[in-house]
Amino acid sequence: MGKVKLKSSIKNDKYTNYVYESFDIQNREETEVEVSFNLSEAKNFVWNIGVIYGSSGSGKTTILKRMGELSKSVFDYEKPLISNFDWLEPKDATLLLTNMGLSSVPTWLRPFHLLSNGEQYRAELAYKVGKAKENEVILVDEYTSVVDRDVAKSMSFALQKYIRKTNKKIILASCHYDIMEWLMPDWTCSPQKGGALERGEWLRQGRPQIELQVSRVEYGAWNFFKKHHYLTENANKSCKFFLFEWNNKPVGMVAVINQPRKGCTNGFAISRIVVLPDFQGLGLGVKLSEYSAAMFKYMGGKIYIKTVHPALGIYFNNSDDWRGTTFNGKVSQHAKYDKNAKSRLERVSYCHEYIGEGISGYEELLKPIKEMREAKSLTLF
């Protein structure tokens with residue numbers, strides 16, 4: 001069992017004398033803090049994620065500092081966020097940010113100081129994790145202390161996926177226990193419980209279920225989401241807009257448009273999918289699109305999706321619920337001409353039809369907009 005003793009001399013003055021007289025303090029020359037911990041057992045098994053937890057002042061940071069230098073990130077405020085990851089190739093930088101739950105393309109182009117607190121925290125984590133050398137243990141203090149608790153959960157799930165995928169090691173110090181079932185750590189340690197390493201069953205339990213609420217909303221609600229869409233902010237007003245919420249917080253939006261095709265008068269297309277940056281990394285984008293498609297499938301519709309986002313496209317290619325159309329994997333017919341390169345940009349499109357099961361119980365959400373307005377059954381939120 002390791003022990004760390006922190007001592008400091010007391011510079012006495014009238015304030016300290018007041019404390020001595022009021023509370024009968026015996027030692028008036030120095031103050032001492034003792035922190036116990038034992039992480040030696042971590043050498044006996046393979047692990048990726050460890051968490052040191054406890055209340056403020058319990059000694060978490062003290063233990064962390066005994067394990068090495070705390071990871072740091074340094075951002076150039078003049079550069080777009082993605083340009084700060086210049087030790088990576090551009091494609092690898094986009095994959096790192098996406099895997100760490102920062103998949104919003106507009107966010108990549110903003111400087112660090114224009115990001116939200118949640119985005120800044122994810123960016124800092126991505127920087128620290130991406131910079132880590134082989135066999136280096138990443139040390140992060142005050143984990144999720146400055147973000148909303150639901151954001152902390154989604155961030156934790158994205159982080160643990162990437163850490164395990166790349167087989168890296170990270171130790172996080174946090175005063176919050178609600179992140180454990182999302183991080184699914186291989187071990188934990190609490191100074192308040194004697195500092196012994198504890199093996200948990202988090203991985204076996206798996207990630208908690210996320211229950212979302214869906215409602216039909218007016219076109220004006222798109223204004224809240226449009227700046228986070230990876231292509232254009234425009235959306236056709238004739239779309240049906242579906243809002244998804246988690247614990248009464250907006251999480252994402254899907255817009256579906258009527259798109260009759262030859263031999264298919266009841267055709268639809270998913271026109272827009274947006275998951276707010278705070279909730280990226282949970283895999284919600286594909287789930288929202290499948291959920292929306294299943295609602296239309298139950299009503300007899302055929303629903304399609306076209307995207308140039310590689311992460312979405314690869315998922316649809318590998319899913320049994322989606323079938324590639326004849327245009328899948330081909331260069332978009334709307335590829336833009338690059339004046340500098342004197343050529344067309346080779347932007348691959350992923351085109352699929354939803355062939356999964358339909359879901360019932362949401363017929364009210366698919367009614368004509370005029371009928372819903374008259375019944376006052378949709379709002380801006």
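Only this structure's heavy atoms are used, side chains among them; waters, hydrogens and symmetry mates stay out.
Considering all non-hydrogen atoms of both residues, Ile179 and His176 come closest at CG1-O, 3.6 Å. Between Phe37 and Ile63 the shortest heavy-atom distance is CB-CD1, 3.6 Å. Of all heavy-atom pairs spanning Lys297 and Glu357, the tightest one is CG-C, 4.4 Å. Taking each heavy atom of Lys287 and Gly283 in turn, the nearest pair found is CG-O, 3.3 Å. The heavy-atom pair separating Ile273 from Gly285 by the smallest distance is CG2-O, 3.8 Å. Smallest separation of non-hydrogen atoms from Ile49 and Arg164: CD1-NH1, 3.4 Å.
Between the side chains of Glu353 and Thr325, no donor N or O sits under 3.5 Å from an acceptor N or O. Using a 3.5 Å distance cut-off with no hydrogens or angles, the side chains of Asn234 and His229 do not pair a donor with an acceptor. Between the side chains of Ser174 and Glu142, no donor N or O sits under 3.5 Å from an acceptor N or O. Judged purely by distance below 3.5 Å, without hydrogens or angles, the side chains of Asn266 and Asn258 never pair a donor atom with an acceptor atom. Side-chain atoms of Glu119 and Thr107 form a donor-acceptor pair, as typed in the model, at a separation below 3.5 Å. Of the N and O atoms on the side chains of Asn12 and Asn17, not one donor lies less than 3.5 Å from an acceptor on the other residue. Side-chain atoms of Tyr291 and Tyr362 form a donor-acceptor pair, as typed in the model, at a separation below 3.5 Å.
Residues Leu365 and Val214 are in side-chain contact: their nearest non-hydrogen atoms beyond the backbone lie under 4.5 Å apart. With contacts defined as side-chain heavy-atom distances shorter than 4.5 Å, the pair Glu218/Ile369 qualifies. Taking 4.5 Å as the limit, some side-chain heavy atom of Met180 sits within range of a side-chain heavy atom of Thr188. Proximity of Leu139 to Val137: side-chain heavy atoms (C-beta onward) are separated by under 4.5 Å at one or more points. Taking the side chain as every heavy atom from C-beta outward, Lys240 and Arg216 approach each other to under 4.5 Å.
Annotation: side chain to side chain donor-acceptor pair (under 3.5 Å) contacts of Lys227 (sequence neighbours excluded): none. In this view, Gln259 and Arg261 satisfy the side chain to side chain donor-acceptor pair (under 3.5 Å) rule, not counting sequence neighbours.
A ring-centre distance under 6.0 Å is not found for Trp322 and Tyr350. If you look at Trp246 and Phe244, their ring centroids are not closer than 6.0 Å. Between Tyr127 and Phe75, the distance from one ring center to the other falls under 6.0 angstrom.
Applying the salt bridge (Lys or Arg N to Asp or Glu O under 4.0 Å) definition to pairs two or more places apart or across chains, those involving residues 75-97 are Lys79-Asp86.
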**Item:** Residues Phe268, Tyr304; criterion ring-ring contact (aromatic ring centres under 6.0 Å, His included); working and verdict
**Value:** CA-CA 6 Å; Phe268 299 89; Tyr304 300 84; 9.8 Å; no

**Message:** Could you walk me through whether Arg110 and Ser116 satisfy the side-chain hydrogen bond (donor to acceptor under 3.5 Å, both in side chains) test, starting with their C-alpha distance in whole Å, then the side-chain angles of each, then the deciding distance to 0.1 Å, before giving a yes or no?
**Reply:** CA-CA 11 Å; Arg110 298 183 185 117; Ser116 69; over 6 Å; no

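Using a distance-only test at 3.5 Å, with no hydrogens or angles considered, no donor-acceptor pair links the side chain of Lys165 to the main chain of Asn99.
Under 4.0 Å is where a charged nitrogen must lie from a carboxylate oxygen, and between Glu136 and Lys169 no such pair does. The pair Lys153-Asp278 does not count as a salt bridge, with every side-chain nitrogen at least 4.0 angstrom from each carboxylate oxygen.
Under the 30°/60° scheme for interplanar angles, the aromatic rings of Phe241 and Tyr219 are found to stand perpendicular.
Because its NZ or CZ atom is both nearer than 6.0 Å to the ring centre of Phe45 and within 45° of the ring axis, Arg199 counts as a cation-pi partner of that residue.
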